[in-house]
Undergrad: 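Structure incoming, see below.
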Protein chains: 2
Amino acid sequence: MSEDFILSDFLPYRLAVLSERMSRRLSVEYGRTHGLSVAEWRVLVHLQRCGQVSIRDIHTCVNLEKPRVSRAVARLEDIGLVRKIPGETDKRLVSISLSREGQEALHGILPKARDFELQLKQSVTSDDFARFSAVLERLHEALDADPEAPPRPSIDRQAAPKDRI
Amino acid sequence: MSEDFILSDFLPYRLAVLSERMSRRLSVEYGRTHGLSVAEWRVLVHLQRCGQVSIRDIHTCVNLEKPRVSRAVARLEDIGLVRKIPGETDKRLVSISLSREGQEALHGILPKARDFELQLKQSVTSDDFARFSAVLERLHEALDADPEAPPRPSIDRQAAPKDRI
DNA sequence: TTTAATTCGTTTCAAATGCAACGATGAGTC
DNA sequence: GACTCATCGTTGCATTTGAAACGAATTAAA
């Protein structure tokens, strides 16, 4: 009976294993040196790129649940890496941005993150990596077409100077 | 200043997002219909392939922390999908295996899992997928060489008939 | 304007998580 | 055997998690 199902050949599992391994290795960099969690790391990086944003914006851009973002931002504010000021026009919104300390923390971490990614990328040819990326995109598209699949996070666009909160 | 770091281009993040999305979609199948968690799903599949195994074996094969495996197995036993009998020779070990109900549950789920994977794979050519797999392997190897990275899970080998607990 | 419906961020609460420690068993050494 | 050390699975416990509910603020509809 053709019942054999090999977990280690199963695509979702394989991706999960590699991803968890990679994330855990990366978290050593920002965790041990700065005591940051994955969520906090993502928030910082997003802010570095997008400037002044709302909780909602972070939520939709970095694939984190809203409460998780809220808590991560709260903690980052406690640590002093982030500023949180009430929205001007819309008082529901909160305007979040990097503090100088936050920028400095990122300066300390980003190079290591880059190095780590580079080390990974260098294990394959750039052509292979490009094809690899294309496959990732195709897999996303396959999920996009599946009504049961959760939505794909938005692209983290640099906010246009006038488009900021 | 070349400080721009684009999260959505960052390999670990990209893998995490795709993986989370895929796992979440998949969990709809076994979660909604059978009330299973990711850990429980992995345990069942591993048992289906490897027969009679210990907690330790599951732990090293399916990339789950030991307590998580222990609890997943305990719950699966409560539900009746799994048998748990004390080890014969070594009384520390526990021999875990699928019950008939567990096998039937898998019969209900595995086809859907296969379909889902097939749907994903069909979005790229088989050649592209093979290259993709090769890159995954190379990335694992890069992590293998990194002393800070967590170990890669063991391959889930079908236990030789005589090698079982 | 008043009312209803939405959106934003936070909080609540129950469940999941994972590290560390534990008791129990087994293996190695003397 | 007695003693130490390692391994197995479980449990304690503090933290994290996320779905749902919430109040506040805004928008849409009546």
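Heavy atoms only: backbone and side chains are in, while hydrogens, waters and symmetry mates are out. So you know, we letter chains A, B, ... as the sequences are listed, proteins then strands, and number each from 1.
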Undergrad: Could you pull out the protein-nucleic contacts involving nucleotides 2-6 of chain C (nitrogen or oxygen on both sides, under 3.5 Å)?
TA:
none

Undergrad: Check the distance between C:dT17's C1' and B:His59's NE2 and give it to me in whole angstrom.
TA: 15 Å
Undergrad: Less than 4.0 Å between a side-chain N and a carboxylate O, is that true for B:Glu40 and B:Arg71?
TA: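 Judged by the 4.0 Å cut-off on N to carboxylate O distance, B:Arg71 and B:Glu40 do not form a salt bridge.
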Undergrad: Rounding to an integer number of Å, can you tell me how far B:Ile58 CD1 sits from D:dG9 P?
TA: 9 Å
Undergrad: Send over the distance from B:Leu64 CG to C:dG18 C1', rounded to a whole Å.
TA: 12 Å
Undergrad: Charged N to carboxylate O below 4.0 Å: is that the case for B:Glu137 and B:Arg152?
TA: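 B:Arg152 and B:Glu137: salt-bridged.
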Undergrad: Output the rounded distance in Å from CG (B:Asp57) to P (D:dT7).
TA: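 Distance, rounded to whole Å: 16 Å.
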Undergrad: Quick one: A:Leu93 CG to D:dA25 P, roughly how many Å, whole number?
TA: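 Rounding to the nearest Å, CG of A:Leu93 and P of D:dA25 are 12 Å apart.
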Undergrad: Salt bridge between A:Glu77 and A:Arg83, side-chain N to carboxylate O under 4.0 Å?
TA: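 No salt bridge links A:Glu77 with A:Arg83.
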Undergrad: Could you check how far CZ of A:Arg56 sits from P of C:dC8, rounded to whole Å?
TA: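 After rounding, the reported distance stands at 5 Å.
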Undergrad: Are A:Asp9 and A:Arg14 within salt-bridge range, i.e. N to O under 4.0 Å?
TA: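 No, this pair does not count.
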Undergrad: Produce a footprint string for nucleotides 10-19 of chain D: one letter per nucleotide, 5' end first; B if the base is under 4.0 Å from any protein heavy atom, S if only the sugar-phosphate is, - if neither.
TA: SBB----BBB
Undergrad: For A:Phe116, what residues pass the ring-ring contact (aromatic ring centres under 6.0 Å, His included) criterion, not counting sequence neighbours?
TA: none
Undergrad: If you measure only the distance, is there a donor-acceptor pair under 3.5 Å linking the side chains of A:Ser97 and A:Gln52?
TA: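 No, A:Gln52 and A:Ser97 have no side-chain donor paired with an acceptor closer than 3.5 Å.
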Undergrad: What nucleotide among D:dA25, D:dG9, C:dG26 has an atom nearest to a side-chain atom of A:Asp90?
TA: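 Nucleotide nearest to A:Asp90's side chain: D:dA25.
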Undergrad: Whether B:Arg24 and B:Glu20 form a salt bridge (side-chain N of Lys/Arg under 4.0 Å from carboxylate O of Asp/Glu) is what I want to check.
TA: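 No salt bridge links B:Glu20 with B:Arg24.
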Undergrad: One thing to verify: whether B:Asp4 and A:Arg49 come together as a salt bridge, which I'm taking to mean a side-chain N less than 4.0 angstrom from a carboxylate O.
TA: yes
